[in-house]
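Remember, it's a predicted structure, so these values are computed and weren't measured experimentally.
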Amino acid sequence: LPVICQSIEQIDIIKIDCEGAEYDILFNSTEKEFHKIHEIKLEYHKGQLNELKTHLKRFGFSVSLLKPDSPTYGNMWLTRTANGS
């Protein structure tokens, strides 16, 4: 994500579907990257979902959709709130 955000000023929506690597990608991104992103739509896999929601909340994101599709994965959509932009 840091490499992608280097040359982009603003990202309206980023879709993450990376078969379990979503935790590594998002936990290792910084405020600098998150500040450029307005919405995140991701497929999550069983793991650290609650920790991820807490992590993204620190950067101004709130969950607008949380839809488990099975016991092992689902979809989560997040939007950065006005006070997080």
Side-chain angles (χ1 to χ4, degrees):
L1 193 57
V3 172
I4 293 169
C5 288
Q6 257 180 40
S7 60
I8 298 174
E9 192 172 310
Q10 179 180 325
I11 300 170
D12 293 327
I13 298 173
I14 189 164
K15 180 183 178 216
I16 301 173
D17 184 356
C18 50
E19 304 308 318
E22 60 273 8
Y23 297 107
D24 285 338
I25 291 167
L26 294 170
F27 283 133
N28 290 301
S29 297
T30 67
E31 183 175 3
K32 183 178 178 179
E33 287 89 40
F34 289 126
H35 183 74
K36 294 181 177 189
I37 301 169
H38 180 66
E39 290 184 62
I40 300 171
K41 298 191 180 211
L42 68 97
E43 180 183 83
Y44 66 84
H45 293 78
K46 187 176 181 183
Q48 302 171 293
L49 182 60
N50 289 330
E51 292 88 346
L52 183 59
K53 288 190 294 187
T54 300
H55 178 71
L56 294 171
K57 186 176 181 179
R58 290 193 321 223
F59 298 104
F61 287 94
S62 61
V63 175
S64 57
L65 172 85
L66 183 62
K67 182 179 175 265
D69 292 326
S70 84
T72 58
Y73 69 92
N75 286 281
M76 182 166 60
W77 296 1
L78 303 110
T79 303
R80 196 158 47 88
T81 58
N83 63 358
S85 45

Chemist: Where do Y44 and L66 come nearest, in terms of heavy atoms and distance?
Modeler: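 Result for this residue pair: CE2-CD1, 3.7 Å.
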Chemist: Find the distance between CG (L65) and NZ (K41) and round it off to the nearest 0.5 Å.
Modeler: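 Taking CG in L65 and NZ in K41, the distance rounds to 8.0 Å.
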Chemist: Would you call M76 and K53 a side-chain contact if the rule is heavy atoms closer than 4.5 Å?
Modeler: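 Sidechains of K53 and M76: in contact.
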Chemist: Do the non-hydrogen side-chain atoms of L56 and V63 ever get within less than 4.5 Å of each other?
Modeler: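 Heavy-atom side-chain distance check fails, nothing below 4.5 Å.
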Chemist: Can any side-chain N or O of Q6 pair as donor or acceptor with the backbone N or O of I4 at less than 3.5 Å?
Modeler: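 Looks like no, no N/O pair under 3.5 Å.
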Chemist: To the closest 0.5 Å, what do you measure between CG (D24) and CD (E22)?
Modeler: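 Rounded to the nearest 0.5 Å, the CG-CD separation comes to 9.0 Å.
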Chemist: Any chance you could measure L78, atom CG, to L52, atom CG, to the nearest 0.5 Å?
Modeler: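 So the gap between those two atoms works out to 7.5 Å.
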Chemist: Hey, could you give me the CH2/NZ distance between W77 and K15, rounded to the nearest 0.5 Å?
Modeler: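 Here the interatomic distance stands at 10.5 Å.
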Chemist: Output yes when a side-chain donor or acceptor of K36 lies under 3.5 Å from a complementary backbone atom of I8, and no otherwise.
Modeler: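 Here the side-chain-to-backbone pair exists.
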Chemist: Please report the interatomic distance NZ(K67) to CD(E43), rounded to the nearest 0.5 Å.
Modeler: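 Answer for the NZ-CD pair, K67 versus E43, is 10.5 Å.
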Chemist: Has E19 got more than 12 heavy atoms of other residues, nucleotides or ligands less than 6.0 Å from its CD?
Modeler: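 More than 12 within 6.0 Å, yes.
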Chemist: Does a side-chain heavy-atom distance below 4.5 Å link T30 with P2?
Modeler: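 T30 does not reach P2 side chain to side chain.
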Chemist: Might you point out which heavy atoms bring H55 and S29 nearest each other, and give the distance in Å?
Modeler: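 Heavy atoms of H55 and S29 come nearest at NE2-O, 4.4 Å.
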Chemist: Under 3.5 Å, side chain of T81 to main-chain N/O of G60, donor-acceptor pair present?
Modeler: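 Such a contact is found between T81 side chain and G60 backbone.
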Chemist: Report yes or no: does R80 contribute a side-chain atom to a donor-acceptor pair with the main-chain N or O of I37 at less than 3.5 Å?
Modeler: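 Yes, R80 side chain to I37 backbone: donor-acceptor pair under 3.5 Å.
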Chemist: Under 3.5 Å, side chain of T72 to main-chain N/O of K46, donor-acceptor pair present?
Modeler: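 Between the backbone of K46 and the side chain of T72 there is no qualifying donor-acceptor contact (under 3.5 Å).
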Chemist: Any chance the side chains of E51 and T54 put a donor and an acceptor closer than 3.5 Å?
Modeler: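 T54 and E51 do not have a side-chain donor-acceptor pair below 3.5 Å.
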Chemist: Checking Y23 side chain against H45 main chain: does a donor-acceptor pair fall under 3.5 Å?
Modeler: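 Here the side-chain-to-backbone pair exists.
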Chemist: Under a 3.5 Å threshold, yes or no: a donor from one side chain and an acceptor from the other, between Q10 and H38?
Modeler: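 There is no such pair (donor and acceptor under 3.5 Å, judged by atom type) between the side chains of Q10 and H38.
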Chemist: If I take atom CG from residue D17 and atom CG from residue L42, how far apart are they, to the nearest 0.5 angstrom?
Modeler: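 Between D17 CG and L42 CG, I get 9.0 Å after rounding to 0.5 Å.
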Chemist: Decide whether L26 and I13 are clustered together by the hydrophobic rule: side chain heavy atoms of Ile, Leu, Val, Met, Phe, Trp, Tyr closer than 4.5 Å, transitively.
Modeler: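 Unlinked, L26 and I13 end up in two clusters.
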Chemist: When you compare the side chain of I40 with that of F61, does any pair of heavy atoms fall below 4.5 Å?
Modeler: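 Yes, at least one pair of side-chain atoms sits under 4.5 Å.
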